[in-house]
Amino acid sequence: MSPSLAQRLPPLLQPLALRMRVEPDSGAPLLSCWLEPALLGEALGRYARNWPQADPRAVASQWHQESSALILPPLLLARLLYAEPVSLELGQLRMTVDEQGAPGELHVPAPGVVPAGEGSGWGLLEALQVQLLAPFVSRFAAHTGLAPRVLWGNVALCVDWVLEVAQNVVPTRALGEARAHFRDGRQGGGGHALCSALRRDASGITRRVCCLRERLGFDRCAVCPLASRQTLHNMPIQP
């Protein structure tokens, strides 16, 4: 049996892929099915029990962030570090949820062949946007009432973090290309919504739209746009 993606990764990156399994015969629902009102509503209903009386949109955004953190890191690492042809299609990837409705495992089919044009880092990000992220964002927004900009911020922050961590551990040409493409928010074309979802300046990055986590009792995250006025970078410098 060939080693799993997590086993092949450097130790620092292994936790990002521990919940991805190659399961050609998995009975878990397809990602496309998790975007159907009945299945998604049932999962969010269980997940919401963690925060009774909370804003349903905040609950949905948190679930979306957890699913992004499950799905995106192993797909990006497999493609960018090992050129492994893992599918990006909603109709081929499967996901489990636990008893609380939280995303559990990502099940992928046996690797196929990387289509022409997806071998480069920028080509992968364009394919990721078109095949996975755009329908994942639009359909999730339609069923939950969340603004798409909130959801693009969720996935963009996850992508940015994965690219940054991986670049510091095991840089590859494809990874460098993806990172440069992603950070150029001026890029047009298919990846524009993803690449422009974060704001960058001398102090680092911030989201363009709050993810609503504060409504669940969490502290504001370090990249929250509502907290930016509180950062040292934006405060007057005392003599």
Side-chain angles (χ1 to χ4, degrees), residues 1-9 13-50 59-115 118 124-144 146 148 151-152 154-159 161-162 166 194:
M1 180 181 296
S2 60
S4 67
L5 174 62
Q7 291 171 327
R8 285 178 282 141
L9 288 170
L13 300 178
Q14 288 179 1
L16 303 184
L18 284 175
R19 294 190 291 159
M20 185 188 88
R21 296 167 52 190
V22 178
E23 291 282 351
D25 300 319
S26 172
L30 294 165
L31 288 186
S32 57
C33 294
W34 285 114
L35 296 173
E36 295 296 331
L39 199 59
L40 178 60
E42 194 274 335
L44 289 176
R46 282 188 282 154
Y47 191 66
R49 295 171 188 166
N50 294 299
V59 173
S61 178
Q62 185 67 20
W63 191 94
H64 185 261
Q65 289 188 78
E66 285 201 37
S67 61
S68 297
L70 168 67
I71 297 165
L72 296 179
L75 297 183
L76 288 166
L77 293 174
R79 285 289 194 96
L80 294 173
L81 300 188
Y82 301 112
E84 188 171 302
V86 179
S87 175
L88 304 177
E89 295 283 351
L90 284 173
Q92 295 187 25
L93 302 172
R94 298 177 181 270
M95 186 177 75
T96 67
V97 300
D98 62 21
E99 293 182 356
Q100 286 73 47
E105 290 186 341
L106 173 66
H107 295 172
V108 302
V113 177
V114 175
E118 294 182 20
L124 168 63
L125 287 189
E126 292 292 328
L128 184 72
Q129 157 108 1
V130 172
Q131 298 175 35
L132 177 60
L133 297 181
F136 190 54
V137 165
S138 63
R139 292 173 61 182
F140 196 90
H143 295 323
T144 62
L146 278 166
L151 304 176
W152 280 118
N154 290 348
V155 297
L157 193 62
C158 183
V159 170
W161 180 73
V162 173
L194 174 65

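All heavy atoms count here, side chains included; hydrogens, waters and symmetry mates do not.
- Counting only heavy atoms from C-beta outward, the side chains of P109 and V22 never approach each other to under 4.5 Å.
- Taking 4.5 Å as the limit, some side-chain heavy atom of L75 sits within range of a side-chain heavy atom of L88.
- No side-chain heavy atom of E84 sits less than 4.5 Å from a side-chain heavy atom of L77.
- Distance check, rounded to the nearest 0.5 Å: CG of L80 to CG of L124 gives 5.0 Å.
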Show your working on side chain to side chain contact (heavy atoms under 4.5 Å, CB included) between L194 and V155 and close with a plain yes or no.
CA-CA 8 Å; L194 174 65; V155 297; 4.1 Å; yes
Should L133 and L151 be marked as a side chain to side chain contact (heavy atoms under 4.5 Å, CB included) after you check the CA-CA gap, both sets of side-chain angles, and the distance that decides it?
CA-CA 10 Å; L133 297 181; L151 304 176; over 6 Å; no
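- One finds the CG atom of D25 at 11.5 Å from the NE2 atom of H107 (value rounded to the nearest 0.5 Å).
- Residue W152 holds its CH2 atom at 8.0 Å from OG of S138, rounded to the nearest 0.5 Å.
- Although no hydrogens or angles enter the test, the distance criterion places a donor-acceptor pair under 3.5 Å between the side chain of W34 and the main chain of M95.
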Evaluate side chain to side chain contact (heavy atoms under 4.5 Å, CB included) for Q131 paired with E89, printing each intermediate quantity in order.
CA-CA 6 Å; Q131 298 175 35; E89 295 283 351; 3.3 Å; yes
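- The backbone N or O of V86 lies less than 3.5 Å from a partner atom in the side chain of R79, making a donor-acceptor pair.
- Each of R21, M20, E23 was compared with E105 under the side-chain contact (heavy atoms from CB on, under 4.5 Å) criterion, and only R21 meets it.
- Considering only heavy atoms from C-beta on, L5 stays 4.5 Å or farther from L81 through its side chain.
- The side-chain heavy atoms of S61 and N154, taken from C-beta on, include a pair separated by under 4.5 Å.
- Remark: the backbone N or O of V59 is not paired with any side-chain donor or acceptor of Q62 at under 3.5 angstrom.
- Proximity of a side-chain donor or acceptor of H143 to a complementary backbone N or O of L35 within less than 3.5 Å is detected.
- Looking at heavy atoms from C-beta onward, P73 lies in side-chain contact with C158 at the 4.5 angstrom threshold.
- The nearest pair of heavy atoms linking L16 to P74 is O-CD, 3.4 Å.
- Counting only distance, with no hydrogens or angles, the side chain of E66 and the backbone of P103 share no donor-acceptor pair below 3.5 Å.
- Smallest separation of non-hydrogen atoms from A6 and Q14: O-CG, 2.9 Å.
- Closest approach of A17 and L9 over heavy atoms only: CB-CD1, 3.8 Å.
- In this structure, the side chain of S67 engages the main chain of H64 through a donor-acceptor pair within 3.5 Å.
- The shortest non-hydrogen separation linking S87 to Q92 is OG-OE1, 3.2 Å.
- Under the 3.5 Å distance criterion, the side-chain polar atoms of R94 are left unmatched by any main-chain donor or acceptor of P24.
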For side chain to side chain contact (heavy atoms under 4.5 Å, CB included), just list the numbers for L106 and T96, CA-CA rounded to whole Å, side-chain angles, deciding distance to a tenth of an Å, and then say yes or no.
CA-CA 7 Å; L106 173 66; T96 67; over 6 Å; no
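- Under the 30°/60° scheme for interplanar angles, the aromatic rings of W63 and F140 are found to lie parallel.
- In this structure, S4 OG and L18 CG are separated by 7.5 Å, a value rounded to the nearest 0.5 Å.
- Looking at every heavy atom in both residues, L39 comes nearest to P29 through CD2-CB, 3.7 Å.
- At least one donor-acceptor pair closer than 3.5 Å links the side chain of Y82 to the backbone N or O of R8.
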